[in-house]
Number of protein chains: 2
Amino acid sequence: MINSGRDRILQAAAELFAANGFTATTTRDIAERAGIKQPSLYAHFKVKSDILRELLLETLRPGVERGEALAAETGRPARDRLTELLDFDIRVLFTGRRSVAVLGVLPEVRAGQFAEAHQLRERLRDAYAGLSREVLTELGHPPGDEYLKRIAGIVFAVVESISLRRYEDPDLDVEDAVRDTTTAILRILGA
Amino acid sequence: MINSGRDRILQAAAELFAANGFTATTTRDIAERAGIKQPSLYAHFKVKSDILRELLLETLRPGVERGEALAAETGRPARDRLTELLDFDIRVLFTGRRSVAVLGVLPEVRAGQFAEAHQLRERLRDAYAGLSREVLTELGHPPGDEYLKRIAGIVFAVVESISLRRYEDPDLDVEDAVRDTTTAILRILGA
DNA sequence: GTCTATACTGTGATAGAC
DNA sequence: GTCTATCACAGTATAGAC
């Protein structure tokens with residue numbers, strides 16, 4: 001059901017969380033935007049944080065799956081696989097029916113509670129790190145662990161920044177974002 | 001006074017805001033970390049948001065001043081000036097006695113209220129955009145307005161990501177951060 | 001599954017003594 | 001400028017009827 005009550009709630013919450021943060025968004029705000037009364041939320045979610053929890057998992061899972069598959073794949077240049085992951089990941093952020101944006105970067109997500117989402121994010125980061133290592137190696141510059149960690153940190157930051165960039169410029173075009181981001185990241189890696 | 005009550009409050013608040021966000025940080029949390037009782041905060045700040053306000057302005061002002069000066073300067077390669085701004089800006093984030101980190105990216109900062117800080121952030125972004133345009137031009141690729149906006153968005157995102165990267169790896173070394181970030185950004189610009 | 005009514009708690013902020 | 005005491009309100013969540 002695309003427009004079920006539950007879905008309306010998730011949609012509304014995603015937009016509000018992205019705009020104002022988790023704690024600053026009240027259950028009343030969410031309910032109002034979803035077109036129901038505040039207590040009705042609790043017919044769908046046990047507690048407020050479960051809404052964010054579901055949004056986070058939903059947003060992260062596709063990228064993690066694809067990322068780990070691509071990182072494990074062999075026999076194809078890492079550069080191509082990294083490009084493919086970026087393409088996939090960025091499109092999820094744009095075409096997902098939610099404006100899931102910034103969610104992964106919300107400070108509240110770091111503080112306890114959302115361990116599962118945090119873990120998924122780590123796995124996605126690892127996928128990017130693994131592909132980055134391979135790309136660097138292909139280019140004749142196999143990185144040390146320390147250096148890889150730092151450079152992959154920047155790469156992942158650029159990926160995650162898409163949410164914020166899109167938030168600040170709602171007209172940002174998907175194709176532009178995919179192309180610019182991919183180019184930037186390949187250049188950061190020295191390609 | 002480096003350890004005046006007021007300063008202890010700012011220090012405590014900066015750390016808590018960065019870790020948990022603005023709304024999720026209570027005035028009691030701040031007071032406790034500052035070693036005073038909650039109502040004593042109000043001898044120093046009229047309202048809670050004034051604490052964040054001051055932290056934001058304090059963090060942004062030096063970079064803005066330096067950035068606008070460097071962007072206006074002529075007769076020196078833009079590449080050198082951009083490098084200098086990055087060096088300065090990143091060191092402020094690291095050596096500032098506050099862990100001002102993520103503050104600029106807090107969602108709550110976007111929603112109304114902190115207009116002055118928002119404006120400073122725009123000016124800093126403009127300084128980076130201006131220098132980026134010059135660098136691209138020096139390289140023989142004068143950008144169109146649209147392209148510049150997008151590429152400068154990525155550049156600025158990399159700069160701002162330092163806060164988060166440092167938060168996630170508190171051992172991150174200043175010199176490494178300066179070098180890696182500068183290299184990444186110059187590469188993004190095609191240098 | 002949605003509503004009205006409401007309980008309970010946490011939070012920002014003030015009053016006023018020291 | 002710090003404290004204790006306290007207020008007023010906002011916010012999450014529950015109860016129970018429809």
Side-chain angles (χ1 to χ4, degrees), chain A residues 1-56 103 106-115 117, chain B residues 1-57 97-98 103 106-117:
Chain A
M1 289 306 177
I2 260 300
N3 254 355
S4 74
R6 181 186 179 82
D7 199 80
R8 303 263 312 271
I9 293 168
L10 287 167
Q11 176 69 36
E15 291 162 8
L16 290 167
F17 290 160
N20 308 321
F22 175 69
T23 312
T25 300
T26 73
T27 52
R28 278 176 236 278
D29 294 336
I30 299 170
E32 185 180 13
R33 181 175 277 241
I36 56 177
K37 298 294 180 185
Q38 182 258 351
S40 303
L41 292 177
Y42 293 85
H44 300 275
F45 299 91
K46 202 169 167 300
V47 293
K48 179 189 175 189
S49 57
D50 278 357
I51 303 176
L52 177 54
R53 192 188 120 88
E54 178 148 336
L55 286 170
L56 287 169
L103 294 186
L106 291 178
E108 291 103 327
V109 173
R110 304 196 295 257
Q113 194 154 31
F114 300 97
Chain B
M1 290 308 180
I2 260 302
N3 252 355
S4 74
R6 183 185 177 81
D7 199 81
R8 302 263 311 273
I9 293 168
L10 287 168
Q11 176 68 38
E15 291 162 7
L16 291 166
F17 290 160
N20 308 321
F22 175 69
T23 312
T25 300
T26 72
T27 51
R28 286 176 174 78
D29 294 337
I30 299 170
E32 185 180 12
R33 181 174 275 240
I36 56 178
K37 298 296 179 184
Q38 182 258 352
S40 304
L41 292 178
Y42 292 86
H44 300 275
F45 299 91
K46 201 169 169 299
V47 292
K48 180 190 175 189
S49 58
D50 278 357
I51 303 176
L52 177 54
R53 192 187 120 88
E54 178 148 335
L55 285 170
L56 287 170
L57 296 182
R97 65 199 191 299
R98 318 254 153 76
L103 294 187
L106 293 177
E108 291 103 328
V109 174
R110 304 195 296 257
Q113 194 155 33
F114 300 97
E116 201 178 346

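In what follows, every chain begins at residue 1, and chains take the letters A, B, ... in the order their sequences are listed. Keep in mind that what you see is a predicted model, and the values were worked out from it rather than measured.
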What pairs of nitrogen or oxygen atoms, one from the protein and one from nucleotides 5-8 of chain C, lie under 3.5 Å apart?
none

Between B:Phe17 and A:Pro107, is any pair of side-chain heavy atoms under 4.5 Å apart? no
First and last nucleotide of DNA chain D, 5' to 3', lying under 4.0 Å from heavy atoms of chain A: D:dG11 to D:dT14
Students often get this wrong, so: under 4.0 angstrom with heavy atoms, is A:Ser49 touching a base, only sugar-phosphate, or nothing? nothing
Send over the distance from B:Tyr42 OH to C:dT11 C1', rounded to a whole Å. 8 Å
Which sits closer to the 5' end of DNA chain D, A:Lys46 or B:Ile9, going by the nucleotide each is nearest to? B:Ile9
Pick one: which of B:His44, B:Glu54, B:Gln11 meets side chain to side chain donor-acceptor pair (under 3.5 Å) with B:Arg6? B:Glu54
Using the test side-chain hydrogen bond (donor to acceptor under 3.5 Å, both in side chains), find all partners of A:Thr27 that sit at least two apart in sequence or belong to another chain. A:Gln38
With rounding to the nearest 0.5 angstrom, report the CG to CG distance, B:Asp50 to B:Leu41. 12.0 Å
All pairs passing salt bridge (Lys or Arg N to Asp or Glu O under 4.0 Å) where residues 24-46 of chain B contributes a residue, at least two apart: B:Glu15-B:Arg33
Can you tell me how far the CG atom of B:Leu10 sits from the CZ atom of B:Phe45, to the nearest 0.5 Å? 4.0 Å
Using whole Å, report how far CG of B:Asp29 lies from P of C:dT11. 7 Å
Quick one: label B:Thr26 by what it contacts on the DNA or RNA (base, sugar-phosphate, nothing), any heavy atom closer than 4.0 Å. sugar-phosphate
Starting at NE2 of B:His44 and ending at P of C:dT14, how long is that distance when rounded to a whole Å? 15 Å
Validation: residues 18-25 of chain A side-chain donor-acceptor distances under 3.5 Å, sequence neighbours left out:
from	atom 1	to	atom 2	distance (Å)
A:Thr23	OG1	A:Glu108	OE2	2.9
A:Thr25	OG1	A:Leu16	O	3.3
A:Thr25	OG1	A:Gly21	O	2.6

Under 4.5 Å between any side-chain heavy atoms of B:Leu56 and B:Leu106, yes or no? no
Looking for any heavy atom pair under 4.0 Å, which part of the strands does A:Thr23 touch: base, sugar-phosphate only, or nothing? nothing
